[in-house]
2 protein chains.
Amino acid sequence: MGVTIKDIAKAAEVSYSTVSKALRDSPLVKEPTKQKIIKIAHQLGYQPNVAARSLVSKKSQTIGVVWPTIERVTHSALVTGLNKQLEELSYTTLISINEMEDAINTFNRYQVDAIVAFNEKNSREPAKSTVPIVTYGIAHEDSPFPTVDVNRKQAIQTAVDHLARTGHRSISYIGDMVQEDHLQEEKVEGFRQAIKDYDLELNSTSIIKVNDLASYDGYEAMKELLKKTDHPSAVISGSHDLSKGILRAIQEAGRSIPEDISIISYDNIPATEDLELPLSTVGVPLSTITEKLSEILIALINEETVEQSIYLKPELNITQSCKAWNGGETNE
Amino acid sequence: MGVTIKDIAKAAEVSYSTVSKALRDSPLVKEPTKQKIIKIAHQLGYQPNVAARSLVSKKSQTIGVVWPTIERVTHSALVTGLNKQLEELSYTTLISINEMEDAINTFNRYQVDAIVAFNEKNSREPAKSTVPIVTYGIAHEDSPFPTVDVNRKQAIQTAVDHLARTGHRSISYIGDMVQEDHLQEEKVEGFRQAIKDYDLELNSTSIIKVNDLASYDGYEAMKELLKKTDHPSAVISGSHDLSKGILRAIQEAGRSIPEDISIISYDNIPATEDLELPLSTVGVPLSTITEKLSEILIALINEETVEQSIYLKPELNITQSCKAWNGGETNE
DNA sequence: TTGAAAGCGGTACCAG
DNA sequence: CTGGTACCGCTTTCAA
C-alpha cells in the first residue's frame, strides 16, 4: 500500500491531523512546520487517497465524461479541450466509454461531482443519478438534463446569408449524410431553409450527399459537382475534413478559390493544419463550447440553477476563400 | 447524498452488517433475508459507494487506461475492445487522457487495481506508482514496465514472404510516413528486410511515402503507382484505411484484383465494413491483443510474475485479393 | 444466522 | 498553532 498521512506524521514527528492541515495548505499551521511536512510528503511520494478523502468531504474534484462513441472522432477534440479546461479549474476528468446508463452508474458509485454526457440518442428513461448531469449535442427536445449544444442550423443559415448578400445565387451544400445522422440533418435543414428565405434555386445539385464526413468524401463530391457546366459559385461544406477534400478537387480541376468558387466550411476546431489557403468557417469555437460546459458544470456542482437548454450561437469567420459574386465576369 | 446500507438496514429491519453481507451474496445470510434485502436495495436505487468500499477492501475493481492520444483513432477500437473484455471480468474501465505521469498519479489516488498505458514515447523516468502498470505499443527496448506489443515488423515480413513464395517479384509497400512515426517505421523496416532476404528488387517505387494513414493517402499513392508502366504485381498496405483508398484507385484505373495486382493489408481490426472484395490481411486480431492485455492485468493484480516483454505474433489471412503470379501471362 | 464493533485514510471540529 | 477525536460508508472479524 501507499504512503498515508500517518506515515508522514511519524516521519515529521507531528500528529496526523497537523499533516492533513499542512497538506491542505491550511493557515492554521506554522510555515516552517508546513514546509517540513510538505517536503517529507514529497520525499515519500505521497498521493492522497481519493477514496478516503471523498468519503468524508463528499467531493471528489472529479468530473465524469460519458463518451460511448469514441470511434467518432468528432468529439475527441472537444473532450481534449474540456479535459484541459477542467484541469485549470483543478478538476480531474475521467472518461467512461460504456453506455450512458452504465457509465452514469459507475460515476455515481465513484462519487464524481458532476457528469457530462456525449450521447447521440436521448436515453429513454432518465437514468437516476445523485450526481448532476449535463448533456452535449443531444436533441434539445425534451432531454431530462440541462443541455449544451451548437446551433448547427443557424450556422449554415449564417453561411448562406453571407454568400447570398455578397451576390451568390447558386450555392451548394456538401455534407448530407447517406446514413441517418441527426447532427448532419440539422445542418441540411438550415441550408434548405436559408435557401428558401433568400428565394434561391434548390435543384438536384444543391445538396450533395456523402457516405461519410472524411476527406475523400468531400473530394469525390466536389469532383462530381465540377463536372457540371453550371456548377455553383459557392460551396458550403459540412465538416473540416470534407473541406480538405473539396479543396483538393477544386485544385485538381484547375479552378481557383475564390475567383471561380467560394467556400465556407462548417467547423469548430481551430484551424490547426494550415491548408494552402485559410478557409472561411462558420461554427462555434471549441473553446466557447468547453467554457460553457465547464461553467454549467461548476454551477451544477454549486447547486445553482442553470438554463435547461443552451444553444450556442455560431460565429462566421470570412477569409480569402470567399469573394463577392458578380455573375462570373472579371471585375477589372 | 445517495442511499447507504444503513438506509437499507432500517427499511429491512436488520443490522447494516447483515445488509453488507447480503449484498455481497455471502452464504452467511439466510436466503429469504437476502432476497428481501436485495429487493429493497433495488427499490431504493442503491449504488455502493466505491470510496468506502475500496477504502477498506483495498480493491476498486477498476482498471485505469492512460490514453493521452485520443486524437489518434488507431487505438479507439482497441480501447473499446479492452473495455468490453474487462467488463466481462467484472472490472470497470476508466480512461484518462492526461499525460502519462499525471494520469498515473490520478489513478494511484483513485486506487485503481492496475493501469494500462498507451503511450507513444517511453517516459523518461518510470513514474512511481503503487499500482501495477502494463504498457502497450511502446518500444520494447527498456520500458520500466511489462509491455505488450504487436510484432509489426514480423507482420510485414510474413506478408512479403507469402507473396514471394507465390511468385511475386515486384512488391510495393504503401505506408511509410512522411512524419516520424515509430510504429510505421517498424513496418517499413520489416518490409525492407524481407525484400532483402528474398533478394527482390528495392527501387524508388518499392516504398511509397504517405502523409497520413487515411483513405485518401492510399488512393493518391496507388494512383501515382499505377501510372508507371512497370507497376508492381503486389502491394502491401500499412493500414486498413490506406487499403480502402488503394482499392478505389485500382478500380478507377480499370485494373482488377487479384488478376492484375494482389494486395495484402496490415490490419488488426476485424473486417467490419464489407468492402467489395474481402481483403487479405496480416496482423494480430484485436481480440488477441485485448485478451493478452487482460490476462497480464489480472496476473499483475494477483501479484504473479509476468513476462517483461510480450511480442504478439501476427496472423496472415489470405483471401481472393491475392493470387499467385506467373509473370503476367494469363493462365489458361 | 445475525449483530456489534473495529478500522480503512482522511477531514474538521474542539480543546488545549 | 497543535493534538485528539468523531465520523464518512463499508467490509470483516468476533460474539451472541
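Protein chains get the first letters and strands the later ones, always in sequence-line order, with residue 1 at the start of each.
A salt bridge between B/K84 and B/E87 is absent, with no side-chain N of the basic residue lying under 4.0 Å from a carboxylate O of the acidic one.
Using a 4.5 Å cut-off on side-chain heavy atoms (C-beta onward), B/T92 and B/Q61 make no contact. Side-chain atoms of A/V134 and A/V148, non-hydrogen and from C-beta on, do get closer than 4.5 Å to each other.
What separates CG of A/N108 from C1' of D/dG9 is a distance of 15 Å, to the nearest Å. If you measure from atom CG of A/L55 to atom P of D/dT11, you get 12 Å, rounded to the nearest angstrom. In this structure, B/K58 places its NZ atom 12 Å from P of D/dT12, rounding to the nearest Å.
Remark: the A/T290 side chain and the A/S287 side chain contain no N/O donor-acceptor pair separated by less than 3.5 Å.
Non-hydrogen atoms lying under 4.0 Å from DNA chain D are contributed by A/V29, A/K30, A/T33, all within residues 29-43 of chain A.
Between A/V29 and A/A22, the closest heavy-atom pair is CG2-N, 3.9 Å.
Between the OG1 atom of B/T288 and the CG atom of B/L293 there is a distance of 11.5 Å, given to the nearest 0.5 Å. Taken from OG1 in A/T4 to OH in A/Y46, the straight-line distance is 7.5 Å, to the nearest 0.5 Å.
Between B/H75 and B/F118, the angle of the ring planes lies from 30° to 60°, which puts this pair in the tilted group.
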Per-nt protein contacts along nucleotides 10-15 of chain C (heavy atom under 4.0 Å; B base, S backbone sugar-phosphate only, - none) come out as BBBB--
